[in-house]
Amino acid sequence: MNTSVDYLNTRVQFGQVVGAFQALKHMAADVLIEVESAKSAAYYRWKQPPRITTNSRPPPH
């Protein structure tokens, strides 16, 4: 994410830094939300206790 933001702040298009365009700011914000949501879901699953099943036999082939 940091690399993308650095690129948006250095790339120039139409005489302006691309990071100044509102649409790209919104896209970057959406990506950040997705990344943080995925991190949160992974952390939540990591903190859950392991699932124990009563069936110790392997599934049939």
Side-chain angles (χ1 to χ4, degrees):
M1 185 72 195
N2 291 337
T3 304
S4 299
V5 171
D6 291 341
Y7 177 75
L8 289 175
N9 289 327
T10 57
R11 172 100 158 90
V12 176
Q13 188 70 31
F14 307 114
Q16 291 182 330
V17 175
V18 183
F21 297 129
Q22 188 174 14
L24 293 178
K25 288 181 181 180
H26 287 246
M27 289 174 65
D30 290 342
V31 169
L32 181 61
I33 289 169
E34 291 293 325
V35 168
E36 291 300 321
S37 295
K39 285 171 37 178
S40 178
Y43 180 76
Y44 175 78
R45 178 61 188 111
W46 178 69
K47 293 297 275 182
Q48 295 298 311
R51 295 181 183 163
I52 299 173
T53 62
T54 57
N55 185 3
S56 61
R57 291 182 290 153
H61 293 290

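Excluded from the calculations below are hydrogen atoms, water molecules and symmetry mates; all remaining heavy atoms, backbone and side chain alike, are included.
Tyr7 and Phe14 fall into different hydrophobic clusters, where Ile, Leu, Val, Met, Phe, Trp and Tyr are joined by side-chain heavy atoms under 4.5 Å apart, directly or via other members. No chain of hydrophobic side-chain contacts below 4.5 Å, direct or via other Ile, Leu, Val, Met, Phe, Trp or Tyr residues, connects Leu24 to Leu32.
More than 12 heavy-atom neighbours from other residues, nucleotides or ligands sit within 6.0 angstrom of CD on Gln48.
Here the options are Arg45, Lys39, Lys47, the test is side chain to side chain contact (heavy atoms under 4.5 Å, CB included), and the partner is Tyr43; only Lys47 passes.
Closest non-hydrogen pair, Phe21 versus Gln13, comes out as CZ-O, 3.6 Å. Contact record, Asn9 with Val17: O-CG1, 3.2 Å, taken as the closest heavy-atom pair.
Under a 3.5 Å cut-off, the side chain of Ser37 and the backbone N or O of Ile33 do form a donor-acceptor pair.
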